Every structure is written in structure tokens, then in C-alpha cells.
Amino acid sequence: MTVTIVGAQLGDEGKGGMADRWSESASVVCRYQGGDNAGHTVVHDGEEYKLSLVPSGAIRGKVNVLGNGCVVNPDTLFEELDALRERGIDPDVRVARRAHVILPYHRVLDGIEEDVKSESDFDVATTGRGIGPTYEDKAGRRGIRVGDLLDAEVLRERLEYVVPQKRALAEEVFGVETGEAFDIDALYDQYAAFGERLASEDMTVDAGTFLADRIDDGEEILFEGAQGTILDIDHGNYPYVTSSNPTAGGAATGTGLGPGIVGDGEIVGILKAYLSRVGTGPLPTELGGVVGQTPDYEEDTERGDEGLAEDIREAGGEYGTVTGRPRRIGWLDMPMLRHATRANGFTGLVVNHIDTLAGLDTVQVGHSYALDGKELFTLPATTERWTDCEATLESFDGWADADWDTVADEGYDALPENARTYLEYISGELDTSIYAVGIGPGREQTVVREDPFA
Ligand code: IMP
């Protein structure tokens with residue numbers, strides 16, 4: 001069977017920790033979208049591992065697959081693999097030959113476009129990893145795929161077609177000087193060498209066939225989504241999104257398995273007990289703001305709840321794994337979660353960071369939105385209409401800090417009663433069971449009620 005782990009919010013929900021935990025029952029961990037824009041933190045044997053591309057199962061000795069829906073920067077891939085090897089881990093990572101390759105010019109163009117967009121406040125605050133430009137080339141049928149790196153002649157042909165276009169775009173449209181990142185010979189040498197290494201380590205696969213064979217053999221597969229539903233290019237708040245499909249449908253198109261296989265398994269939505277966001281775009285339940293990310297929030301803006309946002313940010317360690325930027329903070333947003341539950345078909349939920357909110361007198365939730373005098377229970381389809389929404393808040397009594405290790409040992413009923421009331425509200429509103437509750441960053445600091453592989 002398969003278990004698909006999907007971010008229900010805006011990324012950084014703690015998917016890595018759950019993927020790590022549940023990968024124990026799986027033999028294969030597969031990413032189906034995104035690239036080295038992900039920030040998965042895994043704590044194992046007291047050691048912290050931060051991965052941006054390699055699936056979390058690498059730490060646990062699983063077979064790991066980067067599916068065809070991923071965009072792969074070979075530089076990052078080998079850097080992460082070498083770093084893991086230096087720490088005594090021997091990761092087994094396979095890469096889909098149909099996956100697209102991030103080249104240095106994609107990163108440069110990502111930066112240029114963000115700069116240009118920022119002049120009209122359209123910047124997305126991307127991770128700068130070249131994700132959008134690579135997916136653009138994929139859709140434009142001018143991309144370079146992992147399989148192309150294995151054939152030097154094909155690689156050369158593709159570079160000779162695409163690089164002059166990219167150079168012209170940078171120089172003539174954006175007026176930026178180009179360097180090595182746009183030099184065909186330099187790119188050819190570097191990427192042909194990556195191809196040789198991929199081939200010599202026998203790392204490339206036809207992902208669909210590889211995974212289907214594993215399923216036929218009765219093996220369990222964990223699909224590890226990156227980013228989150230509201231960053232999905234189709235179901236998120238466009239244009240403040242990433243360029244792939246983190247939602248569960250992506251696990252089919254991004255791997256080469258049929259949707260029936262994904263749908264036959266479990267689809268677990270991971271959420272935080274509050275909200276965080278890296279980047280711009282509306283956030284109706286936002287507390288305070290972050291200059292450069294929160295729309296219309298300047299150095300001297302005071303909304304009155306900055307202190308609360310700061311406390312949650314500090315308690316939850318809400319700084320970008322990839323970029324180190326402070327994340328925007330808000331109360332839980334139920335319209336967002338109703339939208340995510342429908343778009344993904346969640347069969348279960350994990351609510352993380354219940355411990356982070358401990359100590360607050362009152363915990364609030366955006367239960368619905370008010371828009372044009374009407375009450376809305378899910379998201380409007382356009383970002384502009386979402387910006388116009390005002391959150392209608394509901395209040396819950398807070399819970400005190402607890403001995404979370406004891407709670408982890410004793411299970412769900414040992415959670416503070418008010419925290420359970422809060423969790424039951426979430427589960428009831430989304431009509432979905434809570435499979436686990438995160439009460440700390442460590443692997444053992446999770447109250448598991450149901451193992452989706454069991
Ligand atoms: P990109 O994926 O680098 O193109 O960035 C697009 C948007 O997605 C930006 O707002 C990023 O901050 C956001 N984003 C991308 N990856 C992550 C992630 O792993 N966690 C949270 N936000 C992300």
C-alpha cells in the first residue's frame with residue numbers, strides 16, 4: 001500500500017518528521033514534486049539532519065526516489081549525498097530519468113524575475129533555487145531531463161538550443177550581464193560529468209516502473225510531499241505559489257503510478273496548530289507581520305499583536321530551513337484547511353506544534369471568513385478575493401506547558417484537556433481523524449493514535 005504525506009497549509013508543517021517516523025514501515029520513500037526548495041528537518045538518534053532535496057528516508061536506510069515530477073539540481077543532490085556519507089550514512093537514492101534538471105541559469109533567472117517583480121510588489125519571495133524557471137522550461141518543452149544527462153550528444157544538442165534563448169532573455173529583456181551560468185561549454189562539461197556520476201552509481205530509474213514493481217512485490221511506499229496545499233500551483237493562492245503540485249494528485253502524475261493506487265492508500269494531511277508562511281500573499285489570520293513579506297507592512301507598522309507573533313515564532317523556531325528568513329505567523333485558518341481536505345481527500349491528519357502554543361491564556365482560530373457581508377467556510381478562488389476576507393475568530397481556552405515526554409509515553413489522553421478540545425474541534429470541522437499529534441521536535445515527541453501503514 002501507499003501513504004501520501006501532504007502539507008495542509010503553507011509548507012513547514014513538520015512533514016519531514018512524520019515521513020521519517022512512518023518510513024519505518026515502508027521500504028521506499030518517494031518525493032513526487034519540487035526540488036531543493038524543500039526544507040525537511042529530521043532528528044534521528046539526537047542528530048539533526050536538514051535536507052532540501054534528498055527524501056527523509058535516506059537517514060533510515062530506505063530506498064529513496066525522486067520522481068518524474070521533481071526538479072533536480074545535481075549539485076545539491078551530490079552535496080547532500082556526500083554530506084550524509086561523511087556523517088556515516090549510506091543513502092540509496094534513485095532519480096527518475098523523466099525528472100527535469102535545474103541548471104545554473106534557472107537560479108539566475110529566478111533571482112532576476114524576483115527583482116523585477118518586486119518593483120511592482122509581485123515578488124513571490126521564492127527560495128531562489130530556480131524552481132519556477134525549471135518548471136517553466138518543462139512546460140515550454142525546452143527543458144533538460146535527467147535522462148538527457150546520460151547521453152552526452154543529446155545534452156549538447158539541448159543546451160545548444162536552449163542556452164542562447166536564456167542568454168537573450170537575461171541580457172536583452174532584463175538587461176543583465178550573463179556569465180558562466182549561460183556558457184554552453186561550461187554547462188556541458190559540468191552536467192555531462194553529473195550524468196557520468198549518476199550512471200556510474202546506477203542512480204537513474206524509470207520511476208513509474210520501478211515503483212510499480214515494488215508494489216507488485218508487496219512493498220510499502222511512502223510519498224513525501226514537499227511545500228503545502230496553499231503553495232500548489234493549481235490549488236494554492238496563485239501567483240504566490242511554488243510551480244508544482246504538492247497536493248495528493250501530484251503523487252500520481254509525479255511518479256508514474258495511477259491515481260487509483262494513490263487513492264487506495266492513505267493520504268495524511270500534516271498541519272501545524274497555528275500558521276506560518278514564508279513569502280508574500282494574503283494571510284487573513286496573521287499576527288503582526290514581517291517587513292518584506294507581509295503585504296503593506298512597513299518598518300513602523302504596529303498591529304498590536306507583534307509580541308504574540310514573536311513569542312510563537314521563537315517557541316516554534318519559525319525561521320526558514322532553506323533561507324533562514326523569519327516566517328510570518330498566524331492563527332489556524334479553518335477555511336484553508338477545509339479547502340485542503342477537499343483538494344487532497346485526506347484520510348487522516350497530523351497536528352504538530354501543540355506544545356508551541358502552551359502557556360497562552362487563549363488560543364484563537366479563524367473559523368470562517370466574512371466577505372461582502374457573507375460567511376465563507378472555504379477559500380475564494382482568487383487571491384484578490386482572499387485578500388478581502390476577514391477572519392471570524394473563535395477562541396479556545398489555552399493549555400499550560402506540560403511534561404511532554406510523559407505525554408508522549410502515556411498517549412493522547414495525557415494531553416492537556418484544553419488541547420484535546422482544540423484538536424477535537426479541528427477533527428470535527430474537517431470530518432477527518434487525527435492520526436498523530438506533535439508535541440516537540442524530537443522523533444519520540446509525537447503522540448501516535450494510528451499508524452497509516454498498520
Ligand atoms: P519557490 O518554490 O522557490 O519557487 O518559491 C515559491 C513560494 O513557495 C515562495 O513563497 C516560497 O517561500 C515558498 N516555498 C517554497 N518551498 C517552501 C517550503 O519548503 N516551505 C515553505 N515555503 C516554501
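All values below were derived from every heavy atom in this structure, side-chain atoms included, with hydrogens, water molecules and symmetry-related copies excluded. Both counts, for ligands and for their atoms, begin at 1 and track the order of listing. Quick caveat, the model's predicted, so the values are computed rather than measured.
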Who's closest to atom 6 (C) of ligand 1 heavy-atom-wise, of Leu10, Val241, Val278?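 Selected option, by shortest heavy-atom distance: Val241.
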
Nearest candidate to atom 17 (C) of ligand 1, where distance is taken over non-hydrogen atoms, out of Gln227, Gln293, Arg327, Arg325: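 Among Gln227, Gln293, Arg327, Arg325, the closest heavy atom to atom 17 (C) of ligand 1 belongs to Gln227.
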
Asp90: what forms a salt bridge (Lys or Arg N to Asp or Glu O under 4.0 Å) with it, not counting sequence neighbours?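 Salt bridge (Lys or Arg N to Asp or Glu O under 4.0 Å) check on Asp90 returns Arg85.
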
Residues forming a salt bridge (Lys or Arg N to Asp or Glu O under 4.0 Å) with Arg141, sequence neighbours excluded: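 Salt bridge (Lys or Arg N to Asp or Glu O under 4.0 Å) list for Arg141, sorted by chain: empty.
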
Contact (N/O only, under 3.5 Å) between [X] and ligand 1:
X: Val124; answer: yes
X: Thr242; answer: yes
X: Tyr240; answer: no
X: Thr127; answer: yes

Ala125 touching ligand 1 at heavy-atom level, < 4.0 angstrom: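 The answer is yes, since Ala125 has a heavy atom less than 4.0 Å from ligand 1.
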
Heavy atom of Ser243, distance to ligand 1 below 4.0 Å: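 Contact absent.
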
Hey, are Asp12 and Arg327 close enough for a salt bridge, meaning a charged N less than 4.0 Å from a carboxylate O?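 Between Arg327 and Asp12 there is a salt bridge, with a charged N closer than 4.0 Å to a carboxylate O.
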
Are Arg129 and Asp110 close enough for a salt bridge, meaning some N to O gap below 4.0 Å?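 No salt bridge links Arg129 with Asp110.
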
Provide the number and element of each atom of ligand 1 under 4.0 Å from a heavy atom of [X].
X: Thr126; result: 1 (P), 3 (O), 4 (O), 5 (O), 9 (C)
X: Gly39; result: 19 (O)
X: Asp12; result: 20 (N), 21 (C)

Measuring from Thr126:OG1 to Glu114:CD, what's the distance to the nearest 0.5 Å?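 So the gap between those two atoms works out to 4.0 Å.
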
First locate atom CG of Leu275, then atom CD of Glu318, and finally report the distance between them rounded to the nearest 0.5 Å.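 Nearest 0.5 Å value for the CG-CD distance: 10.0 Å.
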
Compute both the distance and the angle, then confirm whether Arg87 meets the cation-pi test with Tyr49: under 6.0 Å from the six-membered ring centre, within 45 degrees of the axis.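 Yes, cation above the ring, under 6.0 Å and within 45°.
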
Using 30° and 60° as the class limits, which term best fits the ring planes of Phe223 and Tyr32: parallel, tilted or perpendicular? perpendicular

